[in-house]
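Read the structure below first, then the notes.
Only this structure's heavy atoms are used, side chains among them; waters, hydrogens and symmetry mates stay out. By convention in this document, chain letters (A, B, ...) are assigned in the order of the sequence lines, proteins followed by strands, and residues within each chain are numbered from 1.
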There are 2 protein chains.
Amino acid sequence: MARERKIDMVILGLLSHEDLTGYDIKKRIDGAISFFWKGSFGNIYPALKGMENQGLITKNDTSVGGREKTTYHITESGSDALKDWLKEEQASNELKYETLLKLFFGGAESRGVSVHNIEVFEEQIQKDLKVLKKYSEALEKALDVEDHIYYSITASFGIETYEAYLKWCAKAKKMLKQRGGK
Amino acid sequence: MARERKIDMVILGLLSHEDLTGYDIKKRIDGAISFFWKGSFGNIYPALKGMENQGLITKNDTSVGGREKTTYHITESGSDALKDWLKEEQASNELKYETLLKLFFGGAESRGVSVHNIEVFEEQIQKDLKVLKKYSEALEKALDVEDHIYYSITASFGIETYEAYLKWCAKAKKMLKQRGGK
DNA sequence: GCTATTATATATCAAAACGATATATCAAAT
DNA sequence: ATTTGATATATCGTTTTGATATATAATAGC
């Protein structure tokens, strides 16, 4: 019980660097960490409310013209919660790959469908890899290397795995084509 | 709306090979496909009920002594639903890596904690890789190669990615150690 | 033979995440 | 001038997660 809401830690991690609005948080998640984590508005906004009630963050309402905006700031208590989580060694790592699922159960269908599914996946990865490599190169050029080491390491994780995916795509297609199609 | 329940397709995929109970289904998911998909009882049992109502599967109750058992069987309509899903080219592929998350936000903590987190991750992967390789070797020895090609391909995906993870672990640890610790 | 443990089997529940949608303002481009 | 896209917050139904409860059958150890 009293399960830990993972999104809380993501938000606290982001807020430990700078004050942000819910919308900003979504953008950050969609940016640098999107290849190993995701978040939605339906996830972020309730979490912000909950954490404000718990005193982990404080809010600051501003309005520019008719436009409202709520910026969140991490408290000392929130900072402690983040540190506690970082120290815990258990971590859940999981992937949900529908492409693999389709391939695994694809025996019921034609060989061509499986090859096509791999190609669609391959294209997506190639696109993602391109973006990630650009991001990684930009990081290396940045002056404050010490501060960016963790960003580099996570980006390198993405690059390594994406390259492994592409390697597998080539292999898988070859295997499927060699045996002729149904 | 009427969003597609992914677990339905997993269950239909498994039932397309053999009749199974809810418990069996959980075991199958925990087995060969666990490295790219997960399922829980709280997910499986309601899905079975729902699909039975939709006519995608039929149930068969038996009782051995005081023990009750419900075995499910795929219908033609269920088989069609599976085929339709296999043909759709869109597929959601996502990973949630708490280890990466901790590393990314680890700047707030000591360098040693980050290295330790990587080591914990590394050990888990080494363990999983061992299991997967054994499974893969067993597959290659199997006579009915044609039927097992899809199993081989998905297993090879796991091996490729796990090996990429290990490669990254070594690299990441080196990077963190080179720069000395806080 | 007795007992403890593990495997089989189904089920439910609160909390969390997902994904889609709604609403409205502001900035930029056509 | 208008349409498109970015900013900003919010909600809602469905699905998933993870934990827990319950009970029987089989196996292993003493």
Side-chain angles (χ1 to χ4, degrees), chain A residues 1-11 19-31 33-34 36-54 57 59-72 90-98 101, chain B residues 1-11 19-31 34 36-54 57 59-72 85 90-98 101:
Chain A
M1 54 199 86
R3 238 196 314 164
E4 196 174 60
R5 208 164 21 182
K6 296 282 163 64
I7 189 70
D8 284 5
M9 298 304 135
V10 179
I11 294 172
D19 292 355
L20 298 165
T21 67
Y23 187 80
D24 289 333
I25 288 166
K26 174 79 165 102
K27 271 197 300 180
R28 293 288 186 289
I29 293 175
D30 287 345
I33 69 169
S34 67
F36 62 87
W37 205 270
K38 289 211 164 49
S40 63
F41 289 128
N43 200 5
I44 293 165
Y45 284 109
L48 285 169
K49 268 189 189 166
M51 287 199 290
E52 209 231 324
N53 288 336
Q54 288 169 64
I57 55 176
K59 70 172 174 178
N60 189 270
D61 293 308
T62 53
S63 68
V64 189
R67 180 80 148 282
E68 276 178 42
K69 202 169 145 167
T70 306
T71 307
Y72 290 91
Q90 80 267 31
S92 78
N93 298 305
E94 50 188 274
L95 48 170
K96 297 208 127 184
Y97 269 47
E98 207 178 344
L101 218 48
Chain B
M1 259 163 263
R3 236 193 320 158
E4 195 173 61
R5 209 164 22 180
K6 298 283 162 66
I7 190 69
D8 284 3
M9 297 305 134
V10 178
I11 294 172
D19 291 355
L20 297 165
T21 67
Y23 187 80
D24 289 332
I25 288 166
K26 172 79 165 101
K27 272 196 299 178
R28 293 287 185 290
I29 294 175
D30 288 346
S34 68
F36 64 86
W37 205 269
K38 290 210 166 46
S40 63
F41 288 128
N43 201 5
I44 295 164
Y45 284 110
L48 286 170
K49 267 187 192 168
M51 287 198 291
E52 208 231 323
N53 289 334
Q54 287 170 64
I57 55 176
K59 70 171 174 179
N60 187 270
D61 294 307
T62 52
S63 68
V64 187
R67 179 80 148 283
E68 276 179 41
K69 203 170 147 167
T70 306
T71 307
Y72 290 91
W85 169 74
Q90 81 267 31
S92 79
N93 297 305
E94 49 187 275
L95 47 171
K96 296 208 127 184
Y97 269 47
E98 206 177 346
L101 218 48

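- Look at CG on Asn43(A): it is 16 Å from P on dT9(D), rounded to the nearest Å.
- Looking only at side-chain heavy atoms (C-beta outward), Tyr23(B) and Lys27(B) come within less than 4.5 Å of each other.
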Verdict with supporting geometry, Thr70(A) and Leu48(A), side-chain contact (heavy atoms from CB on, under 4.5 Å): CA-CA 10 Å; Thr70(A) 306; Leu48(A) 285 169; over 6 Å; no
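- The interatomic distance linking Arg28(B) (CZ) with dT8(C) (P) rounds to 11 Å, in whole Å.
- Between Lys6(A) and the phosphate of dT16(D), there is no side-chain N or O to OP1/OP2 separation shorter than 4.0 Å.
- Looking at residues two or more places apart in sequence or on another chain, you find a side chain to side chain contact (heavy atoms under 4.5 Å, CB included) between Lys26(B) and Asp30(B), Phe41(B), Ile44(B).
- Two residues, Arg5(A) and Pro46(B), neighbour DNA chain C, and the one matched to the more 5' nucleotide by heavy-atom proximity is Pro46(B).
- In the helix from dG1(C)-dC30(D) to dT30(C)-dA1(D), the rotation axis of the first five pairs and that of the last five pairs differ in direction by 40°, rounded to 10 degrees.
- Among the heavy atoms of the strands, none lies under 4.0 Å from Lys26(B).
- At the phosphate of dT12(C), OP1 or OP2 sits under 4.0 Å from a side-chain N or O atom of Lys49(B).
- To the nearest angstrom, P of dT16(D) lies 19 Å from CD1 of Ile7(A).
- Put simply, CG on Asn43(A) and CD1 on Ile11(A) are 7.5 Å apart, with the number rounded to the nearest 0.5 Å.
- Straight-line distance from the CG atom of Leu95(A) to the C1' atom of dT16(D): 16 Å, rounded to whole Å.
- Atom NZ in Lys38(B) sits about 9 Å away from atom P in dT17(D), given to the nearest Å.
- Put simply, CD on Glu98(A) is 15 Å from C1' on dT16(D), counting in whole angstrom units.
- Taking CH2 of Trp37(A) as the start and CE of Met9(A) as the end, the distance is 11.0 Å to the nearest 0.5 Å.
- The distance between atom CD of Glu4(A) and atom P of dA15(C), rounded to the nearest whole Å, is 16 Å.
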- prompt: Are Ile29(B) and Ile7(B) close enough, and set up right, to give a side-chain contact (heavy atoms from CB on, under 4.5 Å), and what steps lead you there?
  reply: CA-CA 10 Å; Ile29(B) 294 175; Ile7(B) 190 69; 4.0 Å; yes
message: Could you go through Val10(A) and Ile33(A), starting from their C-alpha distance and side-chain angles, then the distance that decides it, and tell me whether this counts as side-chain contact (heavy atoms from CB on, under 4.5 Å)?
response: CA-CA 10 Å; Val10(A) 179; Ile33(A) 69 169; 3.9 Å; yes
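- In this structure, Tyr72(B) OH and Met51(B) CE are separated by 9.0 Å, a value rounded to the nearest 0.5 Å.
- Checking side-chain atoms of Asn93(A) against main-chain N and O of Glu98(B) turns up a donor-acceptor pair under 3.5 Å.
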statement: 5' to 3', nucleotides 3-8 of chain D under a 4.0 Å protein heavy-atom cut-off (B base, S sugar-phosphate only, - none) gives ---SBB
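- For the pair Ile29(A) CD1 and dA17(C) P, the interatomic distance rounds to 11 Å; values are reported in whole Å.
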